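Notes follow the structure.
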Amino acid sequence: MSRRTPKFSTPLPRTPPGPVRIYDTLREKVVPLEPLVPPRVGMFVCGLTPYKPSHIGHARTFVFFDTVARFLAQEGYHVFYVQNVTDIDDKILRVAAEERVDFSVVAERNFAQYLRDMDRLGVRSVNLYARCTDYLPEILEQIQELVDREMAYAAGGDVYFDVSRFPRFGALSKQRKEDLQPGARVEVDPRKRSPEDFALWKSAKEGEPRWESPWGPGRPGWHIEDTAITVNVLGPRYDIHGGGTELKFPHHEAEIAQAESATGESPLASIWMHAGVLTMQGEKMSKSLGNVLDLSSALSQVAPDVLRFFLLSGLYRSPLEFAGTASFEEAERAYRTLERPYRRGEELWREAREDGGPTLPEEVKAGSRRTVDRMVEALRADFNIREATAALYGWSREVGARWASVEPRRRADLDVELAPYRFARDVLGYFSVGTYAPPAAPGDLLKALVEDLLKVRQRARERGDFGEADRIREELADLGIRVEDSPRGPSWRLERGGT
RNA sequence: GCCGAGGUGGCAGAAUGGUUAAUGCGACGGACUGCAGAUCCGUUUCUUGGGGGUUCGAUUCCCUCCCUCGGCUCCA
């Protein structure tokens with residue numbers, strides 16, 4: 001596949017080539033994406049530590065980077081997207097100890113749940129989920145390399161990275177060593193030579209899981225797995241590193257220090273992307289603060305497609321405020337006003353004639369193309385999803401009037417009119433993610449009964465007995481069956497949570 | 001204290017050194033409908049946190065003050 005080849009099942013208007021521009025935290029400006037080995041793009045995003053079920057704050061980051069990967073693929077890049085899974089760490093051990101089970105039970109249970117939730121949200125672009133515990137040889141090798149180069153030192157079974165040997169430490173987060181407040185939030189380990197040093201290897205305490213190492217039995221520190229994984233999977237340098245903004249310091253600084261010291265190559269990642277946090281009542285949603293909404297609870301309150309839409313609203317770099325149910329309700333209304341015309345268009349497409357070419361006026365075809373162009377341009381400008389969505393709203397107004405009529409249509413025309421929606425579907429994941437439970441799977445018996453009732457109602461309407469007609473409609477509504485009249489006759493569907 | 005990101009209409013939330021500051025939600029009016037819904041059309045509200053500066057012109061650039069959020073070794 002060459003660059004710029006659309007991946008769509010239906011032809012999409014060609015958008016003129018142009019670079020994707022992304023804000024790079026390290027350089028503090030928007031820079032063009034220039035892959036090291038075009039058209040390949042290597043992308044790594046810091047994954048989660050599955051010690052608890054994940055929440056909608058995590059989902060924001062991962063839904064966003066899923067969209068990044070989808071868009072880059074749409075732009076013709078061959079994306080390889082890696083996410084790590086920190087399946088061994090202090091908190092997992094703590095939970096495992098409480099439950100009296102092996103740490104892997106806790107990690108695998110929560111990770112499996114995470115995968116199910118991500119699947120429901122339409123996150124499907126990750127090519128490799130790399131578990132820390134699957135990379136012990138690579139981790140040990142990288143630590144050894146750092147020790148050999150005297151960038152790290154062993155101390156009582158632990159191994160620490162010597163930050164004083166890496167002057168660029170702090171470049172990403174713009175922190176100067178002297179400005180840091182050691183111990184501001186976390187106790188300083190007395191075995192470190194300097195407070196800013198960080199652990200590469202932690203010696204095993206009594207009863208803890210352990211792996212053998214030249215420094216004694218223990219387990220990897222928090223930061224080392226990511227670079228051991230990326231150096232081996234993506235190489236010493238790669239194109240995009242993503243993660244939540246709160247990981248900038250110290251985690252991403254540590255990654256840079258480790259990888260660049262171990263490989264001697266720089267920069268580790270060409271572009272550092274940071275997704276803003278999800279806040280709740282003005283505070284970061286955080287597992288440790290406890291102000292979290294678990295993904296599974298969220299998905300019991302709101303349809304997955306609406307949740308995805310909500311998480312993608314707003315600029316990815318800014319904080320996104322979650323105001324509880326009100327946020328979901330507003331997102332739902334906003335999303336459905338896009339979804340309704342899309343569904344209508346696809347329905348018309350299914351009913352349309354297959355033969356013949358497009359008959360739409362040129363300005364309609366141009367309008368469709370302009371809309372897609374505007375969406376592509378918005379996404380190329382540092383993933384402005386909001387602007388891309390605004391373009392789709394504009395297009396919805398245009399097709400809304402045409403699609404209200406009952407004239408017969410051609411598929412070729414509808415392909416043109418649907419192109420902007422299909423772009424949103426494929427790239428942003430709108431309209432393609434699960435909606436409320438039974439989408440419309442009424443049994444045959446129910447179907448027959450409802451259709452019969454609607455015939456009775458139609459006869460009542462025809463003889464002007466609107467009282468009876470409305471009564472039938474209301475009674476059906478009470479049963480969760482929604483009836484709507486249109487020039488094409490009545491239609492009905494099961495409401496959310498309906499029969 | 002230090003670093004970073006922000007403060008835009010009733011709400012959410014974009015954008016730009018220069019015509020009337022997107023878009024959505026809400027509200028109001030109209031068309032369509034027996035009614036409702038959906039759809040379409042129109043209206044509604046901000047002069048862009050306070051102050052100062054640069055400029056022919058700033059919401060957009062600079063300075064300063066106030067406030068919010070994130071980070072300063074648990075965190076997506």
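Convention: sequence-line order gives letters A, B, ...; per-chain numbering from 1. This is a predicted model, so every value here is computed, not measured.
rA38(B) and rG51(B) are spaced 43 Å apart, taking the P atom of each and rounding to whole Å. Atom name C1', nucleotides rG53(B) and rG10(B): the rounded distance is 34 Å, in whole Å. Rounded to whole Å, the P atom of rU68(B) lies 44 Å from the corresponding atom of rG37(B). When the C1' atom is compared between rU39(B) and rU33(B), the two are found 11 Å apart, to the nearest whole Å. Nucleotides rU16(B) and rG30(B) have their C1' atoms positioned 34 Å apart, rounded to a whole Å. Between rU8(B) and rA21(B), the two C1' atoms lie 9 Å apart (nearest whole Å). Comparing the same atom, C1', in rG71(B) and in rA14(B) gives a spacing of 26 Å after rounding to whole Å. Nucleotides rU48(B) and rU43(B) place their C1' atoms 23 Å apart, quoted to the nearest Å.
At a threshold of 4.0 angstrom between heavy atoms, the contacts of R333(A) are confined to the sugar-phosphate backbone, with no base atom among them.
Taking the side chain of A334(A) as heavy atoms from C-beta on, and the options rC25(B), rG70(B), rC3(B), the nearest nucleotide is rC25(B). Closest to the T279(A) side chain, of the nucleotides rA36(B), rC69(B), rA76(B), is rC69(B). Checking rG24(B), rG4(B), rA76(B) against the side-chain heavy atoms of F62(A) singles out rA76(B) as nearest.
Using N1 to N3 plus N6-O4 or O6-N4 for Watson-Crick, or N1-O2 and O6-N3 for G-U wobble, each under 3.5 Å, rG17(B) pairs with nothing.
Between F62(A) and Y114(A), a ring centre-to-centre spacing shorter than 6.0 Å is recorded.
Using a 4.0 Å cut-off, no side-chain N or O of N384(A) falls inside it from OP1 or OP2 of rA14(B). Taking side-chain N and O atoms only, R340(A) has no distance below 4.0 Å to OP1 or OP2 of rC40(B). Between T337(A) and the phosphate of rC25(B), there is a side-chain N or O to OP1/OP2 separation shorter than 4.0 Å. For rA5(B), neither phosphate oxygen OP1 nor OP2 lies less than 4.0 angstrom from any side-chain nitrogen or oxygen of K248(A).
Checked against Y430(A) for a ring pair (Phe, Tyr, Trp, His ring centres under 6.0 Å), the options F309(A), Y342(A), Y393(A) give a single hit: F309(A).
Side chains of E451(A) and W492(A): a donor on one and an acceptor on the other come within 3.5 Å.
Donor-acceptor pairing under 3.5 Å, judged by distance alone, is absent between the side chain of E28(A) and the base of rG4(B). No donor-acceptor contact under 3.5 Å links the side chain of R344(A) to the base of rA38(B).
When the nearest nucleotides of RNA chain B are assigned to S173(A) and G394(A) by heavy-atom distance, the more 5′-ward of the two goes with S173(A).
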